[in-house]
Amino acid sequence: MPGPKMSYSGPPMLAVSDAVSDEGLVRGIGLRRLTASIVNVTIGAGIFVLPALVAGGLGAAAPIAYVVCGAVMALIVTCFASAGSRVSLTGGLYAYVTVAFGPFVGFLAGVLYTLAALFAAASVASALAGSLGAVWPIFATQAGRAAALAALFGLLALINIRGVTPSGRLIEGVTVAKLLPLVVLVAAGVFYVVAHASAGTVVSSMPPAARLGRTTIVLIFAFVGVEVALVPSGEVRDPARTVPRALFAALGITTLIYLAIQYVAQALLGTALPDFSMAPLAEAAGRIFGPRGRLLMLTGAVVSMFGYVSGDMLGTPRTLFALGRDGVLPSAFTRVHARFHTPDVAIAVYAILVGCLAITSSFMQLAILANVASLSMYLLCVAGSWQLQRRDVRAGGTPFTPPGGPAAPILAVAAILWILSHATLREFGVEALVLAIASVFYAIRRAPAS
C-alpha cells in the first residue's frame, strides 16, 4: 500500500507522515467519544444568555437564526471533515492550515485561535457576572461586578499555577452539571407548553436580511468551538471515517438542542423574552418551577460558565507558553514555577488580560469579537480544505470528499463572508491590529541572526 501523500510546498518539517510527526500518541478516540467531546465543547455557557439576545434582534423569528447558523456550520463542518480526513496531525485547524499553506499562514491561524479564545472566555466571564448580579444585587453594580471578576480570575490563576491535577479535577466536576439544567428545562418546558396549549408567538414573515445577519453574527457564538475537540487529531482512531461522522452527528445534536431551548423560552416568556437579557433561561424556569426553578437554572448557568472559564484557563495559557518557547513572545512566558512546575507567568498574564476585558466590556461586544476571530480562522481552514483536496493530500485511508467537489468550500466561504459583512469596522480593526503585530513578531523571529 502506498504511504501517506503529504506533498506540500512549505518547509520540509511538515512533509512527513502522521506516524512520524505524532509518534508515541495512542489513537484511542473513537466515534462516540469524539462526538461527545464536540458536543461538550460546543454547548457552552453562551446558550444561557443568547436566547434573549436573539429574540431581541428577531422577535418571534428567532428560530430562523438557529437554522441559518446550523446551515452555515454544516458547510463549514463539511470542509473540516474533508481536511480532518486528510490531515490527522495533532493541532486540529492549526495543523490543517499549516499543511495547506505553510507555517506563516498556520501561525496566523494559531493567533486567531488564541484571540478567539481570549474574547470568548472574557465574554462568558462577563455573562457569569451578570448571572451573579441576578441572584445577589451587590454584583449588579459596576464595582461589585469588577470585584467578582477580579476574584474569579485571581482564584483560577492560583488554582492553575498550583498544578494541572487540581484544575483538571475542577473541570471534571463541573462538566456533568453543565448540561443537566438545560435537559431539565427542555423536558419540563415542552411538557408545560403542551399541557397549557402555549405555542408562543407566531412567525408571520421573514426578518430583513440585515437584522438576520447581525443577529447571526452574535448567535454563531453558540456554534463555534468544534475546533477545540479537533486539536487531538493525532489520537483519533481511523480519522478518515471518524472525524466526518462525529462532526455531522455533533452538529445535528447541538442544533436540535438549541432550537428546543429557544422554543421553550419563547413559548414561556413570549414577547417579554428580550427583557431578561442577563438570565433568560432562569426566568423561563421560574415560570414552571417558581423561585426554586429560577435559582436552579441560575446555579446551573453559573456552574457552566465557571466550568468554561476554568477549562480555558487550563488550556489557553499554554499557548502563550508555547509562543514564548518558539521565540514569538518574550522568554519570560517560558518560565516554569520551581515548586508547582506550571507556566506561572503565562497563566498570570492571561488571567489579567481576560479579567480586564471582562470588566470593561459587555457579553455581546466580546462575543462578536470572538466570533469575528473564529470566523476568520474558519475562513482559512475552509480555503485550506480545498487546497488539501486539490493536492490530494492523504494521511492513510480513503479521505472524505464533499459532494459536489469544490462547491462546499465555495458556499462555505460565501456564507462566512456574508456573516462577517455584518461586523463593524471597529471589530475588524481589533483583529487587523493583532494580526499586524503578530506578523511583525513572526518576521523578527524568522529573521536570520546578524
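Side chains included, hydrogens not; waters and symmetry mates left out as well; all remaining heavy atoms used.
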F223 vs Y258, ring-ring contact (aromatic ring centres under 6.0 Å, His included): CA-CA, chis, key distance, verdict: CA-CA 9 Å; F223 287 81; Y258 288 160; 5.1 Å; yes
Set of ring-ring contact (aromatic ring centres under 6.0 Å, His included) partners for F119, sequence neighbours left out: none
Criterion side chain to side chain contact (heavy atoms under 4.5 Å, CB included) on L375 and V224, from CA distance to verdict: CA-CA 9 Å; L375 289 169; V224 300; 5.5 Å; no
All pairs passing ring-ring contact (aromatic ring centres under 6.0 Å, His included) where residues 414-436 contributes a residue, at least two apart: W418-H422
Donor-acceptor pair, side chain of [X] and main chain of [Y], under 3.5 angstrom:
X	Y	value
T255	G252	no
T114	G110	yes
T254	L251	yes
S385	V382	yes

Sequence-distant partners of [X], side-chain contact (heavy atoms from CB on, under 4.5 Å), two or more places apart:
X	result
I410	P406
V309	V124, A125, F153, L156, M313
L108	F104, L435, S439
S126	R145, F363, L366

I'd like to check [X] versus [Y] (side-chain heavy atoms, cut-off strictly below 4.5 Å). Are they in contact?
X	Y	answer
L118	L369	no
L182	V186	no
R339	I161	no
L296	F289	no
F221	I368	no
T424	R214	yes
F80	C381	yes
P51	I261	yes

Minimum-distance pair of heavy atoms, taken over all atoms of A370 and A120: CB-N, 3.6 Å
Whether over 12 other heavy atoms sit under 6.0 Å from L417 CG: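 Count over threshold, so yes.
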Just to verify, what does [X] make a side chain to side chain donor-acceptor pair (under 3.5 Å) with, not counting sequence neighbours?
X	result
Q262	Y66, Q266
T216	none
R287	none
R335	D344

CA sep, side-chain torsions, deciding dist, call: F48, M297, side chain to side chain contact (heavy atoms under 4.5 Å, CB included): CA-CA 9 Å; F48 286 90; M297 190 59 60; 3.8 Å; yes
Verdict with supporting geometry, L269 and F276, side chain to side chain contact (heavy atoms under 4.5 Å, CB included): CA-CA 9 Å; L269 302 178; F276 303 101; 4.1 Å; yes
T78 OG1 to L411 CG distance, which is reported to the nearest 0.5 Å: 10.0 Å
